[in-house]
Amino acid sequence: MKVLIVEDEKTLAYEIEDFLKKAFYICDLAHGFKAGLEKMQINTYDFILLDLGLPDGDGLNLLPQAKKHNPDAAYIILTARGNLEDRIAGLDLGADDYLPKPFSLLELQSRMQAIARRKFNVKEELLP
Ligand code: CA
């Protein structure tokens with residue numbers, strides 16, 4: 001499974017990347033809005049992990065454009081902005097899940113597995 005991590009906090013982005021790579025996901029990183037959009041225009045992903053507070057834009061504005069380029073990807077919003085309006089806005093824009101920071105990488109992984117089962121019909125034993 002191919003994952004794009006859009007996250008400007010580099011330490012966190014690398015932590016997620018390390019963790020998911022060990023679980024056999026293939027990861028790409030983007031540290032901002034524009035960089036994320038560029039990757040989505042070129043590549044197809046199974047998962048897009050999207051931070052909302054990006055230095056050059058709001059992840060919520062990225063979501064509709066992202067879905068145009070990667071309509072079949074599963075979107076998980078990762079953000080410290082845990083307020084209700086942002087959660088609802090993200091889900092309304094078509095995010096599949098929402099993980100408030102700080103989150104545990106194990107929880108991220110099990111949510112990704114849950115989405116893979118639901119959305120991609122991946123069998124339990126085939127999951128990383
Ligand atoms: Ca951020």
Side-chain angles (χ1 to χ4, degrees):
M1 296 238 165
K2 215 167 159 204
V3 186
L4 174 63
I5 303 161
V6 185
E7 169 62 72
D8 63 304
E9 286 163 53
K10 295 201 172 143
T11 316
L12 177 60
Y14 293 135
E15 264 175 35
I16 297 173
E17 183 188 30
D18 264 5
F19 180 83
L20 291 179
K21 273 186 174 165
K22 283 186 193 126
F24 306 105
Y25 288 93
I26 299 156
C27 297
D28 265 355
L29 287 183
H31 296 303
F33 186 106
K34 244 189 95 204
L37 187 57
E38 279 168 13
K39 295 255 182 207
M40 292 165 197
Q41 286 166 339
I42 304 167
N43 303 303
T44 305
Y45 296 99
D46 300 299
F47 283 97
I48 296 183
L49 311 181
L50 184 60
D51 177 32
L52 295 188
L54 297 166
D56 55 343
D58 189 327
L60 278 182
N61 297 328
L62 183 54
L63 197 51
Q65 299 185 59
K67 292 198 72 120
K68 233 183 274 168
H69 297 291
N70 272 263
D72 299 326
Y75 291 84
I76 303 179
I77 292 176
L78 311 173
T79 184
R81 276 160 48 184
N83 69 57
L84 187 63
E85 287 80 9
D86 277 341
R87 274 182 206 230
I88 292 174
L91 295 170
D92 281 353
L93 287 170
D96 295 275
D97 210 345
Y98 196 110
L99 217 51
K101 289 181 192 171
F103 53 84
S104 106
L105 291 170
L106 285 171
E107 182 177 3
L108 172 65
Q109 187 186 15
S110 61
R111 286 186 186 233
M112 289 172 74
Q113 289 171 339
I115 291 171
R117 282 194 297 268
R118 210 163 61 216
K119 192 166 172 129
F120 307 131
N121 263 316
V122 176
K123 296 237 162 34
E124 191 82 45
E125 60 269 23
L126 296 177
L127 285 171

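Just so it is clear, the values below take in all heavy atoms, side chains as well, and ignore hydrogens, waters and symmetry mates.
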Shared hydrophobic cluster for Phe103 and Val6 (ILVMFWY, side-chain gaps under 4.5 Å):
no
Separation between CG (Asp51) and CD (Glu7), nearest 0.5 Å, reads 4.0 Å
Would you call Tyr14 and Lys10 a side-chain contact if the rule is heavy atoms closer than 4.5 Å?
yes
Would you say that Thr79 contacts Pro100 through its side chain, given a criterion of any heavy-atom pair below 4.5 Å between the two side chains?
no
Is any side-chain heavy atom of Leu50 closer than 4.5 Å to a side-chain heavy atom of Leu63?
yes
Could you please spell out the steps behind the side chain to side chain contact (heavy atoms under 4.5 Å, CB included) verdict for Thr11 and Glu15?
CA-CA 6 Å; Thr11 316; Glu15 264 175 35; 4.1 Å; yes
In the single-linkage hydrophobic clustering (I, L, V, M, F, W, Y; side-chain heavy atoms under 4.5 Å), do Phe120 and Leu20 co-cluster?
yes
Is the NZ atom of Lys34 crowded by more than 12 outside heavy atoms at less than 6.0 Å?
no
May I ask you to check whether Tyr45 and His69 place their ring centers less than 6.0 Å from one another?
no
For the side-chain contact (heavy atoms from CB on, under 4.5 Å) test, which of Asp28, Ile48, Asn70 pairs with Lys39?
Asp28
Are Leu99 and Leu106 linked, directly or through intermediate hydrophobic residues, by side-chain heavy-atom contacts shorter than 4.5 Å (ILVMFWY only)?
yes
Can Glu17 and Tyr25 be said to form a side chain to side chain contact (heavy atoms under 4.5 Å, CB included), step by step?
CA-CA 9 Å; Glu17 183 188 30; Tyr25 288 93; over 6 Å; no
Please lay out, stage by stage, how Leu4 and Leu49 fare under the test side chain to side chain contact (heavy atoms under 4.5 Å, CB included).
CA-CA 6 Å; Leu4 174 63; Leu49 311 181; over 6 Å; no
Within this structure, what is the CG-CG distance for the pair Asp56 and Leu62, rounded to the nearest 0.5 Å?
9.0 Å
With a 4.5 Å cut-off on side-chain heavy-atom distances among I, L, V, M, F, W and Y, is there a chain of contacts connecting Ile42 to Leu37?
no
Short question: side chain of His31, backbone of Glu9 - any donor-acceptor pair under 3.5 Å?
no
Please check: side-chain N/O of Tyr75 versus main-chain N/O of Tyr98, any donor-acceptor pairing under 3.5 Å?
no
Using the rule that two of Ile, Leu, Val, Met, Phe, Trp, Tyr join whenever any of their side-chain heavy atoms come within less than 4.5 Å, decide whether Leu54 and Leu12 are in one cluster.
no
Stepwise side chain to side chain contact (heavy atoms under 4.5 Å, CB included) check, Phe33 with Asp58:
CA-CA 7 Å; Phe33 186 106; Asp58 189 327; 5.7 Å; no
Gap separating the CD atom of Gln109 from the CD atom of Glu107, nearest 0.5 angstrom
11.5 Å
Does the side chain of Val3 come within less than 4.5 Å of Ile16's, by heavy atoms?
no
Backbone N/O of Phe47 and side chain of Lys2: donor-acceptor pair under 3.5 Å
no
Distance (rounded to the nearest 0.5 Å) between Ile77 CD1 and Leu60 CG:
5.5 Å
Can a salt bridge be assigned to the pair Asp96 and Arg118 using a cut-off of 4.0 Å between side-chain N and carboxylate O?
no
At what distance, to the nearest 0.5 angstrom, does CD1 of Ile115 lie from OG of Ser110?
10.0 Å
Distance (rounded to the nearest 0.5 Å) between Met112 CE and Lys119 NZ
12.5 Å
